[in-house]
Amino acid sequence: MEFPGSTATGISLLSAVRMPINLRLYYEIAIRAFRRASVYRAAYVAGILTNAFFAALRCFVYLAVYHAGTSVAGFSPNDAITYTWLTQALISIGAGWLAWDLMQTIRSGDVITDLSRPWSFYGYWLSRSLGERCFNLLLRGSVTYLIGFLFFAARLPHLTEALAFVVAIGLALLVSFAYGFIVNLTAFWLIDNTGVMLIANIVLTFFSGFLLPLAFFPPWLRQVALLLPFQAITSLPAEIWLGHLTGAAVWRAFAVQAGWALVLMLLAIRMLHFAMRKVVIQGG
Amino acid sequence: MTLIEVEHLRKTFLLAVRQTGRFASLRGLLSRQTRPVHAVSDVSFTVAAGELVGYIGPNGAGKSTTMKMLTGILHPTSGRIKIAGRVPYQERVEHVRRIGVVFGQRSQLWWDLPTIESFALLRHIYRIPLARWQANLQSFSTLLDLEPFLNTPVRQLSLGQRMRADLAAALLHDPAILFLDEPTIGLDVVARERIREFLEHINRENGVTIMLTTHDLADIERLCPRVVLIDHGGVVYDGPLATLRTRFGRWRTLIVDLNQSVDHVEVPDAELLRVEGTRVALRFDRDRTTAAALIAAVAARYPIRDLTVEEPEIESIIRDLYEQPGSLA
Amino acid sequence: MLSLYLRLIGARIRSQMQYKLSFWLELVGFALSSGLEFVALAILVGTFHSVGGWSLAEVGVLYGLSSISFGLAEMVSRGFDAPFELMMQRGSFDGVLTRPLGSFFQIMTSEFQLRRLGRSTQGALVFLYACRHLAIHWTLARLILMPLTLLSGMVVYMALIVIGATICFWTIKTPEVINIFTFGGDTLVSYPLSIYNGLIRNIFLWVVPVGFVNYPAALLLLQRSDPYGLPATAAWAAPLVATVFFAAAGLFWRVGVSKYTSTGS
């Protein structure tokens, strides 16, 4: 990979990690990402249809397995249905797939321009991602969930649960962004990191509880899942929405999410630092 | 022998008209309003075997649309095309087997394979006998100097190298006709000249009929004994390049050297271009006055020491046309 | 034609093998993707013991047959996916029309993703595992039925990928909705078709015949009956259904190409 002018911009690259925080700038970036997402109407309509289809499909499976109608592993049939629609609604905020756009700029070499700008590179992508995902959540996510509410009686939470859910989603966004950032960044070292992204993606969907609630996992596998950061992205917000977590458990969930958000962010920034050194010293 | 016959060729596209107002996109789904755009309105010409014809005209005149119809990519709305006895859009596969096509902007090669492998695959696609293929490859390698990059993947070639490889690829199956759309676009002077030499060579030595579009007037002056000039979808000129000059170059420049320097010169039917000391340049319209009349008019007012009449440059004629489409029609 | 096909495909594979690490990572990635999806399915069915009256091993038969077919279809026809979309966006489809070969053939040979075998391999393992746990009575007819079923399934999935690509002639981008029928179809038929409502069943049997990929064949092998009266012998009709569906896709492709040759975009 070749980055034109990488040596010339070397000094500004290394300082890009530590930049004064200019909230206004990041707000503007986020707003633009939000608007850009709102332009692709065909994309989000298709997205809603796809999410609703998969949610409906899984609901039929749950209806078929829950023939007795009793709760299993703490999940009633309605819990399972609610969980399904909620996770499909959250797919567009990073619960079900990783964004590839940062990787594409690394491959194309455009990343060098973004790296040499006087902003925090991490902050830039975080704001972009937040703007886009907020749009997805507000439109794509809520319409998908509305379909589930209307046709499959997916549950609506109480006010306190809803408020806790909003906090949990905010933290989940930070975790899923940091994870995606780390995975995308591997493009600096691998000519073609598609395979890594594929694997990272399936690990995310499986261990976050997106494919199946963690409650159904065999105990040993569940223990593994609880030690990984992915539950912070899907499982914990969903359990709050379902009302399965109350009181102190909610605060514990927040703590787990915030902890992972912090750890992954530090890891991501550390990795970015190495990536930049690679760019500066070896020219990419 | 006539190789290409084109009669009253016409291509009309229907462009969707954007609806405005409430529920515009919804209404757009139900009923589409369209408006016809005549890309090619009436084009007729014939090309004999062995000719090298420049197909030129301003942007949007219908050059590419005609080329696409000749190569079987587009169906005409009406009119007739016959190339080597075949109708391109009715017998696409048989037609393209006997022609070569190069689009200057896009490569026809497998971008991730070494150049030589693209050539090898083409041998099988066009079912070229091995001996013939080897002979052609040998000949083109020499003419185009392909040797240094035969084993380089196409994506790593420079623009000039890629164009040379594309030219060879289009000729490996001994096509009777070669269609070129902007073959020198984006290339440097040396690369352009090399490609022109090659085209001249295969036209003269191998008897390949060539039809090319270009924006580079040097290509035309250097290569094309005949040009077909189109504007607004129709042929405005078809003939030798030299005649284009006398036919369309209305403007002449009279340059006179006076005995003494002047600030200003006033002569009827002529426009003062510049005054440089004793030298005065006047532009006049051949249709409104003659050089003799103008010289007489100048001589009546100022003492003349010397004079010349300048013919217009072919470049300026075409450039005028390109800048003002429709000015000749 | 076959030798030319093999040559063009060979060239694709050689170019992919230039990056061996990427190739293996992607192969593992695809196998792991479908593998963990199956683990999720297995945990679910295991937790509840059965789904719609089908045991885990029986569901494994459904899953295996569909996965093998889908993986094979993806391997041979992903040229209709991103490479074709890119061609439409860059206008390089013109070049396809200046070659003395059918456009369908050229697009199909523009890509060959050996790495998609990851999904097929994983599907085959599940299928073999399921067969070992089931007392399937293998007759000669049933043994003949298997390759026919897999081939039909592959053809149905290929037709879907072609249909998605053909829409590009009008929209320039392959609509995401086609994923509902390809990936969605594969997921849907991994469970017995009898668990869905009439509308979904009918669409996936008679409009988009993904249901034929594996369900009738599984009924036949497992000697089960469909509660809605689909006979197990319908398994033998799968090749016919697949052929008709593929022919329809091919016809649609021709309509798309003629749209292109009349408007040039």
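What you are looking at is a predicted structure, and each value in this text was computed from that prediction instead of being measured. So you know, we letter chains A, B, ... as the sequences are listed, proteins then strands, and number each from 1.
- Closest of all the heavy-atom pairs between A:Val72 and C:Phe48 is CG2-CE2, 3.5 Å.
- Contact of C:Phe23 with chain A is not made at all, since no heavy-atom distance falls under 4.5 Å.
- Ranked by non-hydrogen atom pairs under 4.5 Å with chain C, the options A:Val65, A:Leu211, A:Leu221 are led by A:Val65.
- For a residue to count as touching a neighbouring chain, one of its non-hydrogen atoms must lie under 4.5 Å from one of that chain's; by this rule C:Ile200 touches chain A with the side chain only.
- The number of heavy-atom neighbours closer than 6.0 Å to CZ of A:Phe149, taken from other residues, nucleotides and ligands shown, is 12 or below.
- Using a 4.5 Å cut-off between heavy atoms, C:Leu27 does not touch chain A at all.
- When heavy atoms are compared at a cutoff of 4.5 Å, C:Phe204 approaches chain A solely by way of its side chain, counted from C-beta outward.
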Donor-acceptor pairs under 3.5 Å, chain C to chain A, main chain and side chains both?
unit_1, atom_1, unit_2, atom_2, d
C:Ser22, OG, A:Asp192, O, 3.3

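- Looking at A:Phe216, both its backbone and its side chain come within 4.5 Å of chain C, counting heavy atoms on both sides.
- When all heavy atoms are compared, the tightest approach of A:Ile199 to C:Gly29 is CG1-CA, 3.5 Å.
- Closest of all the heavy-atom pairs between A:Ala46 and C:Val177 is CB-CG2, 3.7 Å.
- The shortest non-hydrogen separation linking C:Ala40 to A:Leu212 is O-CD2, 3.5 Å.
- Looking at every heavy atom in both residues, A:Ala64 comes nearest to C:Ile195 through CB-CG2, 3.5 Å.
- Taking chain A as the reference chain and counting heavy-atom pairs below 4.5 Å, the highest number among C:Val45, C:Leu188, C:Val51, C:Val39 is found for C:Leu188.
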